[in-house]
Protein chains: 12
Amino acid sequence: MSDHVYKIIEIVGSSPTSIEDAIEGAIRRASQTIDDIGWFEVKETRGHVEGGRLAHYQVTLRIGFTLRDTKG
Amino acid sequence: MSDHVYKIIEIVGSSPTSIEDAIEGAIRRASQTIDDIGWFEVKETRGHVEGGRLAHYQVTLRIGFTLRDTKG
Amino acid sequence: MSDHVYKIIEIVGSSPTSIEDAIEGAIRRASQTIDDIGWFEVKETRGHVEGGRLAHYQVTLRIGFTLRDTKG
Amino acid sequence: MSDHVYKIIEIVGSSPTSIEDAIEGAIRRASQTIDDIGWFEVKETRGHVEGGRLAHYQVTLRIGFTLRDTKG
Amino acid sequence: MSDHVYKIIEIVGSSPTSIEDAIEGAIRRASQTIDDIGWFEVKETRGHVEGGRLAHYQVTLRIGFTLRDTKG
Amino acid sequence: MSDHVYKIIEIVGSSPTSIEDAIEGAIRRASQTIDDIGWFEVKETRGHVEGGRLAHYQVTLRIGFTLRDTKG
Amino acid sequence: MSDHVYKIIEIVGSSPTSIEDAIEGAIRRASQTIDDIGWFEVKETRGHVEGGRLAHYQVTLRIGFTLRDTKG
Amino acid sequence: MSDHVYKIIEIVGSSPTSIEDAIEGAIRRASQTIDDIGWFEVKETRGHVEGGRLAHYQVTLRIGFTLRDTKG
Amino acid sequence: MSDHVYKIIEIVGSSPTSIEDAIEGAIRRASQTIDDIGWFEVKETRGHVEGGRLAHYQVTLRIGFTLRDTKG
Amino acid sequence: MSDHVYKIIEIVGSSPTSIEDAIEGAIRRASQTIDDIGWFEVKETRGHVEGGRLAHYQVTLRIGFTLRDTKG
Amino acid sequence: MSDHVYKIIEIVGSSPTSIEDAIEGAIRRASQTIDDIGWFEVKETRGHVEGGRLAHYQVTLRIGFTLRDTKG
Amino acid sequence: MSDHVYKIIEIVGSSPTSIEDAIEGAIRRASQTIDDIGWFEVKETRGHVEGGRLAHYQVTLRIGFTLRDTKG
């Protein structure tokens, strides 16, 4: 692992039910186009409110993955 | 939406069961007296421990709402 | 001035034209209900985009004012 | 305590003599209109200088109190 | 909106005239290749100076947009 | 409580299921060797991803406890 | 001094009278079990309020000391 | 440019009209006595309010310049 | 340079020997696919340890480059 | 006051007795050579410990003063 | 790895020659008494100067290790 | 040392070879005009890239020195 280069991107997942659901949805979506996601870090947890009730959570993640040879 | 003015207040919800429950309880309580809550942001997640077990979560939220003409 | 107590609140001004317009609108709105606003501090500058163009700026301010004897 | 909701406000106390005096004056003033202040946190310690001497300290506090049923 | 995933990227706009011009130029440029930009946040405002005068502002933005199905 | 001295340590709990499970597991583990844990604060929420799915959450906590007379 | 290794721990001192009293009490308590405390840094100043008056200050310190050969 | 040493100072510009005017005034003033200002960074944007209207902006800048051989 | 738009990405370089080696490896790798890298900023320096010895450094960089007309 | 330019410098005061004494000593010392100090802000509070007792406080201040026409 | 609990401690390594030497010395020293150190993070890089030359670097690390069953 | 007053300034050293070389060059340069530099702290590590290779490191230092009786 020692000479690898990783890239970190930020994505925001959302869910009407839980913080974990927002995180896991974002990871699933990101892994459709990125092969080697290795870790994530929660940067911000926000949400929208409608009619006095939580409408959905929005969780901003920094996601790290191994950088392959084609796209920097 | 472009010329609206919003106010942000900080409240702390607590719950013995989950972070989401603390957040949603705080929003319900705040919406008893504030009409147009639009969004929130988690600022801090803390908790108390009793007898070596989690007693309750305390989640500090910044809550934003549209400022009407009566209350500054 | 030495023994005064001040209160700080957070408000968000918005404007389709400039950061200064968002700030000054928020101050005008807040001073409708607060008498002695003395200073402010920009905490965050954000905005919305529609159709690839800036729709409006949203500037979060912390506003400080002298605390009178009626409202805490 | 587990399901309570708290509110946090920011106030600034000032005193020509000490940081503690500024803090305690701000708490006394806030408790004239707020019943259940439970804790505080020092956010910023500043001051003014006149003629090369300290004129007064200004200490910004975040103050937390239990939210009752009437005002959010 | 509840199950969407968004991506956040950072871009830096520059302008010899104003902060707003730097922001709006960066948004226009980004929207040439990104369809659904929804919001931005100013992260840093810097600038260069030449001959004792401001040469240009450089404003770093975090820009959020809806993630479609083709590019992660 | 007024003259007590507390110690704060940092631990990281992990769980494949939820943030709360990682937090509560870390508290249970810490309370095997520390008697008077009183509170905690979430410092960081991270996680690992394997095969495009969340493998486990890692939640860093600051945990505070009363300092007795034997261990500094 | 050049090749020494130091350890930093966090402790919280409390006092009903002053910030300095809370700091100095925490240092005295820590030095009962740690020999070579060299410096400290105030990380947080908080407090509790009872009946509208300050009950006690709580000052969180990071304390640094030389690491001897027995305890990591 | 590779072995140069730079110095960074902090100055605060003020203006009743705009943030840019405060920044550019501060740079002009600083360049009366400093030759090689190269860049700046906005650290804080504040302002004073009088009679419910913005009185002036105060923008704190960090300004960097090449260090010549006479003044450290 | 005044009207250019730049993009900033985050990458992580790793090296078993030094922080500089991790940084320079990350820049070389990124420049395989990005033409006009102009600057970088170290955001985080971490590392892994195996058998009580440093295994490799991991240095997170923010890298800025001029945005051309094809890729946002 | 509206078009003034201010400079901010950082100094560290020290005192064996109190935080206020360290602050006020630093202000007195700085005002020997600077005429128009207007305000300060505490940036850091640290201290040294000798023989298990506080030796002295070290308080880092940012001090602001009006910039006259001779020295930038 | 999923249900492990880790502990994080802070140590400061010092070296007259390089930042890496300070880091690696701190890790070697910590691993004399801690078995399963897994990672570290640089929190602060400081140093002392004597006679106008660098005397030694001081690098503060947060070090994480697996928590076994005997020591909390 | 207890009643001394120190000043902190910020300088940026640069070097094409290493972070340490940038730091030590900045300290040597600063000590040409400042007698009693005692310590430094790394605030920021950046660099420029030319042709896909590191051109030079730029390390921002906060440097502390004892304040003598002539210059504030």
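Quick note on labels: first sequence line is chain A, next is B, and so on, each numbered from 1. Not measured: the values here are computed from a predicted model.
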Value rounded to 0.5 Å, distance of CD1 in A:Ile8 from CG in I:Leu61
9.5 Å
Rounded to the nearest 0.5 angstrom, the CD-OH distance for I:Glu10 and A:Tyr6 is 15.5 Å
So, for I:Lys43 and A:Arg62, which heavy atoms are closest and what is the spacing to 0.1 Å?
NZ-NH1, 3.1 Å
Which atoms of I:Ser31 are under 4.5 Å from chain A, going by heavy atoms: the side chain, the backbone, both sets, or neither?
neither
